[in-house]
Protein chains: 2
Amino acid sequence: MAKHILSVLVENKFGVLARIASLIAGRGFNIDSLAVGETEDPTASRMTIVVDGDDKTVEQVKKQLNRLVDVISVQDLTRQDHLDRELILCKVAVTPKTRPELVEIAKTLEAQVADAGVKNITILLVGDQAKVKTLLELVKPYGVKEIVRTGRVALARDV
Amino acid sequence: MAKHILSVLVENKFGVLARIASLIAGRGFNIDSLAVGETEDPTASRMTIVVDGDDKTVEQVKKQLNRLVDVISVQDLTRQDHLDRELILCKVAVTPKTRPELVEIAKTLEAQVADAGVKNITILLVGDQAKVKTLLELVKPYGVKEIVRTGRVALARDV
C-alpha cells in the first residue's frame, strides 16, 4: 500500500464530485484527502485526490475515472517529479508566557501568525507533508484547539 | 445568491465524502470548492465547502448535513468574522525576457517561485480570493499553462 496522488481534470458540471467520490468509495478506496478548485479554464475544475492503495488497484481506479464522461484527464503524479504542497491553519492555545515561543516556532518553519487573539494564536503554514508534521508536533504540547487543512495539491515539475 | 462557507467536521469513515457530495448535489447546489483534510483528532476530518445559494436553502443543507450520522458538526462561517485562505500553484510560460517580470509579480504579491524551468515558472500563492484573482489577472498575458487550487479553507477568528 502506498499513497497515490491523482490529479483529475473534470468538467465543471453539476454532481461531478458526487459521482467521482462514489466511484472511488465503491472501489473500496479510502480517500486521504481531496481538494477541488477552479482552473485556467472556467468550464473545468481540477481535483487532487490522495488515495492509499497498491499499484494494481490504483490502475483500476484510473481506468474507471477515465471512463466517466465528465472526466477530461487523469494524471498519477506519484511516479513523476512533482511539487506537493498543503495549506494548514492551526489554532493553538496561548498565554503571555507561551506567545513568544509559538511565534518563534512559526518563524522557524517560515509559517505566519495569521490571527492572534487573547487566548489563541492561529498559525498558517504551507509545505510538504514533512513540514506539516513538524508543525503539528511542535505545537501539540501547547494545546491544539482547531485545525483545518486543504489536503495536498500537486503539479508536475518542469524539466 | 451568495457564497456560503461551511466548515463540516465528519467522522473519518469510509464513503463519508461520497454521501456528503451526493446530499449537496441532490439539493441542487453546485459546490464551488471543497477541501478535505485531517484534523487534530485522527478519527475526524474537516471539510470546507463553498456553496452558492440563498440563506434559506443553505439553512436546509445545514439541517440535512446535521442529520447524517457521520457528521459531527456544521458551522456556517459566512456570518462570523473568519480567516479565509486558499493555496494556488500556477504554472506560467516564461522566456529569458519575461522571467524578471514574473519574479517581480511573485514578489509584489508575497508569493513564491516554487519551481523554475526553462520554459515555465510555477508561482505559489496563499491568500484570500481577491489576492488569488489579482495573481491570475497579472500572469494571464504571459500564458497560463496549468493551475491547481486547494479551494478555500476557513477558521473562525478569535476575539
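Throughout, a chain's letter reflects where its sequence line sits, starting with A, and its residues are numbered from 1.
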Quick check on the interface: out of [options], who has the most heavy-atom pairs with chain B under 4.5 Å?
| options | result |
| --- | --- |
| Ile24(A), Thr39(A), Asn120(A) | Asn120(A) |
| Val50(A), Leu17(A), Val16(A), Asn12(A) | Leu17(A) |
| Ser7(A), Ser22(A), Ala18(A) | Ala18(A) |
| Cys90(A), Gly151(A), Ala21(A) | Ala21(A) |
| Glu146(A), Met47(A), Gln112(A) | Glu146(A) |
| Glu40(A), Lys140(A), Lys91(A) | Glu40(A) |

Problem set entry | Proximity breakdown for Ile20(A) and chain B, heavy-atom pairs closer than 4.5 Å |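 Ile20(A) has no heavy atom closer than 4.5 Å to chain B.
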For this session: With a 4.5 angstrom heavy-atom cut-off, could you sort out which part of Thr122(A) is near chain B: side chain, backbone, both or neither?
Result: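 It is the side chain, since no backbone atom gets that close.
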Problem set entry | Leading residue by heavy atom contact count with chain A [cutoff under 4.5 Å; candidates Gly26(B), Gly37(B), Ala35(B)] |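 Going by pairs under 4.5 Å, I would pick Ala35(B).
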Exercise. Of all of Leu155(B), Val144(B), Leu9(B), Ile121(B), which one pairs up most often with chain A through heavy atoms under 4.5 Å apart?
Worked result: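 Of the options given, most contacts go to Leu155(B).
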Return the minimal non-hydrogen interatomic distance between [X] and [Y], and the atom names on each side.
| X | Y | answer |
| --- | --- | --- |
| Arg85(A) | Leu124(B) | CG-CD1, 3.7 Å |
| Glu86(A) | Leu87(B) | C-CD2, 4.0 Å |
| Gly15(A) | Ala25(B) | CA-CB, 4.0 Å |
| Arg149(B) | Val153(A) | O-CG1, 3.9 Å |
| Ser33(B) | Val36(A) | CB-O, 3.5 Å |

Grouping I, L, V, M, F, W and Y whenever their side-chain heavy atoms are under 4.5 Å apart, do [X] and [Y] come out in a common cluster?
| X | Y | value |
| --- | --- | --- |
| Ile72(B) | Val8(B) | no |
| Val94(A) | Leu125(A) | yes |
| Leu34(B) | Val71(B) | yes |
| Leu68(B) | Ile49(B) | yes |
| Leu138(A) | Val92(A) | yes |

Exercise. Under 3.5 Å, side chain of Arg157(B) to main-chain N/O of Asp115(A), donor-acceptor pair present?
Worked result: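 Side chain of Arg157(B) to backbone of Asp115(A), a donor-acceptor pair under 3.5 Å: no, none is there.
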Which atoms of [X] are under 4.5 Å from chain A, going by heavy atoms: the side chain, the backbone, both sets, or neither?
| X | result |
| --- | --- |
| Ile31(B) | side chain |
| Lys145(B) | backbone |
| Val126(B) | side chain |

Problem set entry | Euclidean distance, Ile88(A) CD1 relative to Thr150(B) OG1, rounded to 0.5 Å | 12.5 Å
For this session: Find the distance between CG (Leu89(B)) and CZ (Arg46(A)) and round it off to the nearest 0.5 Å.
Result: 10.5 Å
Residues 101-109 of chain B, side-chain donor-acceptor partners within the protein, below 3.5 Å, at least two apart:
residue, atom, partner, partner atom, Å
Glu101(B), OE1, Tyr142(B), OH, 2.6
Thr108(B), OG1, Glu104(B), O, 2.7

Exercise. Does atom CD of Glu110(A) have more than 12 heavy-atom neighbours from other groups under 6.0 Å away?
Worked result: no
